[in-house]
Structure formats: structure tokens, C-alpha cells
Amino acid sequence: MTETIRLAECEPLDLDATLGCGQAFRWQRAGDRWEGVVDGRFLRLRQEGNLLHYAGAGESFVRHYLALDLDFDHVLGSIDRDPVMRTAIERCYGLRVVRQPFFECLLSYLCATNTNIPAVRRRVEALSGQYGEPIANAGQTRSFPSPESLQDASEADLRDCRLGYRARYARAAIDRFRDDGPRMAEIPSLSHDEARRRLIALPGIGPKAADCVLLYALGHLDAFPVDVWIHRILRRHYLPELGDSPLSPSRYEAARAFGRSRFGQHAGYAQVYLFSMRARLSHEMGETDAG
DNA sequence: TATCATCCTCTTGA
DNA sequence: ATCAAGAGGATGA
């Protein structure tokens, strides 16, 4: 660790919660620090109270990735609307939504359908190991591959990276980046609704994955992804009328709309805080946390 | 328009 | 040790 950021009073951070909550898949705890790859850089981070030690990138890169510029108390204040949320905020205060690279985030959440967090991590690591670029002074660690680096990967190759039936969708999505690159590159600059439509139009990307990309990569903090955990929590604490039938498209939309209207322009932060409390907030029938 | 079976990998429990 | 059951979203019938 070569450099240090002294976190100001208005820049609260809980690094463990932020990197360990399952929003980004390449972080690993190594003793008292975290190691991960972001946008081709091998980052090492360690938090010691209000000191954030870092190496592998410049201060502005680290600040931007961790969204230290965010008006944090304003954001949390805006979602602090009920006792459940208040508890989540108290337990995870300093948890932040990081700013992930678009393509990596898209493929990661394509790999995250119908599966759990550890499996996604293995897929992302396999893709990086096979097709990513080496990084100076990072040992065997490689970057997450670009669309260009993945052009040579066949569907079978992607299956070898444990994608399973998702390999076909991943291959087709990568093809879109090759064949329609400029249009894909527009997505980050579009409005929430328009970007969402374009994302859902991609093979293997449905409403949930699209909402994750909107929130974790495109900066739409009002996105509210609903996975089974959020669905359980909403059912238990907010919307008992959701019942316990599976999450159909209409039910998904109802849950999403509820989250967005209740928590407002930073609903995505509410989602992340609720998700981080999933074990405590959803104990209905001995469910175990898969991630 | 809404359900429902299918896809695959991994974990858990028998 | 081996294997069946189950978890988890997108798709297409």
C-alpha cells in the first residue's frame, strides 16, 4: 500500500460491506485487505478507520470507483423511510454502490441468471483467466476481457468457463457488440428507460439483469433490481399481498415499481442495503444464504 | 396476457 | 463416497 486517502466526515465508507456484498464479482479478501481488478487495473485496498490505503491506481480512479464524491448522507437520508430501512442503514452504514465498467457488468449479470454469487464469481474469474489481458505486476491476475478479446471464444469455449446454457446467450450478446458496437456504446448515455429497453433486448438479459446493469454500471441510482431475496424481503416487510408464488413478469414489475416509488431517486441504494441484510430480514423458513 | 417447463452448475443433505 | 433434491432468471411454447 503506497498511498492513503483520509476519508472526510462526509465520506463514510464500509469497505468490507461494499466489496463483499456481491455487487461486483472480482474482489477477494487477502488477509486484512481487498484485491480486485477494475477496468484493467489490479487494485489493492485496505481500510483502517477513516484511512483508506490503496495501490494499483490513482486517487481519482479509486475515489470515482467507490463513489466517494456522492452526497452520501443526502442519499441515505432520502431512503430512510421506515424502521426496516433504518435498521439496514444502521447495520451497513458506509456501504456504497461501486461504479462498474459497463461491458464487464453486463456479462457478469448475464452469468448471474438462475445461479448464486459464488458460481458467478467462478464464471467471471474463468472468463478473465482465459480471455483477459495480463496486468503488469499482478501475477497471474488478468483483466476482464473486452468484447474484442472474446470474439474468438466459441459457445463451447464459454461453456468451459462454466457458463452452462448461458454460453449461447453470452456468445450472442458478444456478437451484438461486434456487429452493432456504436449502438451498444450509446447505452451508457441514454435515459434510464431507454437504456433499460436496449438492455432487455439483448440475449440473456431480462428485467432483473438489466436493472443490475442500470444500477451498478450506468449510474441510474433509481434502478431497483428484484431478485428472490429482495422479493422475500418485500413480501415479509412491505408487500404481503405479493404472496408466495414465483416472480412472474407482472409480479416483478409490481415489486420494482413499489421499490422505486417508496424509496425514490436513490431506490437502488435501498435495494443494496436490504440485500445486504437478507439473512436477517428474510428468515422465513430456514433459508440459507447462497452468497 | 400469463403460466410453465427447460436450461446448467453448484451446494446441501440423505 | 455417491447421488438426488433444490436454488436461482431468461426464454419460448
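Reminder, nothing fancy here: chain letters follow the sequence lines and each chain counts from 1.
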For [X], report the nucleic acid contact type (base, sugar-phosphate, nothing); a contact means any heavy atom under 4.0 Å.
X: Ile205(A); answer: sugar-phosphate
X: Leu202(A); answer: sugar-phosphate
X: Arg168(A); answer: nothing

Taking atom NE2 of His53(A) and atom CD of Glu48(A), what is their separation to the nearest 0.5 Å?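 Here the interatomic distance stands at 4.0 Å.
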Could you state the atom-to-atom distance from [atom1] of [X] to [atom2] of [N] in whole Å?
X: Ile117(A); N: dG8(C); atom1: CD1; atom2: C1'; answer: 11 Å
X: Tyr169(A); N: dC7(B); atom1: OH; atom2: P; answer: 10 Å
X: Ile200(A); N: dA10(C); atom1: CD1; atom2: P; answer: 8 Å
X: Leu247(A); N: dC4(B); atom1: CG; atom2: C1'; answer: 15 Å
X: Arg278(A); N: dG8(C); atom1: CZ; atom2: P; answer: 11 Å
X: Leu110(A); N: dC7(B); atom1: CG; atom2: P; answer: 18 Å

- Query: Is Tyr165(A) side chain donor-acceptor paired with the dG9(C) base, going by distance under 3.5 Å alone?
  - Reply: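 Counting by modelled atom types and ignoring angles, a donor-acceptor contact under 3.5 Å is found here.
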Single hit among Asp211(A), Asp227(A), Asp222(A) for salt bridge (charged side-chain N to carboxylate O under 4.0 Å, His left out) with Arg256(A):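 Output: one option passes, namely Asp211(A).
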**Request:** Let me know which of Glu125(A), Glu104(A), Glu35(A) forms a salt bridge (charged side-chain N to carboxylate O under 4.0 Å, His left out) with Arg26(A).
**Result:**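 Of the listed residues Glu125(A), Glu104(A), Glu35(A), the salt bridge (charged side-chain N to carboxylate O under 4.0 Å, His left out) partner of Arg26(A) is Glu125(A).
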When you measure from the side chain of [X], which nucleotide among [options] comes out closest?
X: Ala209(A); options: dA10(C), dG8(C), dT11(B); result: dA10(C)
X: Thr113(A); options: dA2(B), dG9(C), dC8(B); result: dG9(C)
X: Arg232(A); options: dA7(C), dT9(B), dT3(B); result: dA7(C)
X: Ser248(A); options: dT3(B), dG8(C), dA10(C); result: dT3(B)
X: Arg122(A); options: dT9(B), dT11(B), dG9(C); result: dT11(B)

key: 5′-ward residue of the pair Pro249(A)/Arg166(A) relative to DNA chain C   =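 Checking each residue's closest nucleotide, the 5'-ward one belongs to Arg166(A).
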Which atom pair, heavy atoms only, marks the closest approach of Leu127(A) to Pro145(A)?
->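 That closest heavy-atom pairing would be O-CG, 3.7 Å.
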Looking at dC10(B), I'd like to know if its phosphate oxygens (OP1 or OP2) sit under 4.0 Å from a side-chain N or O belonging to Arg162(A).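 Answer is yes, contact under 4.0 Å.
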Note to self: For a quick test of reading the model: is some side-chain N or O of Trp229(A) closer than 4.0 Å to OP1 or OP2 of dG8(C)?
What the structure shows: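 Answer yes for this pair, as a side-chain N or O of Trp229(A) is under 4.0 Å from OP1 or OP2.
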Item checked: Glu9(A) atom CD, neighbour heavy-atom count above 12 within 6.0 Å ->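 No.
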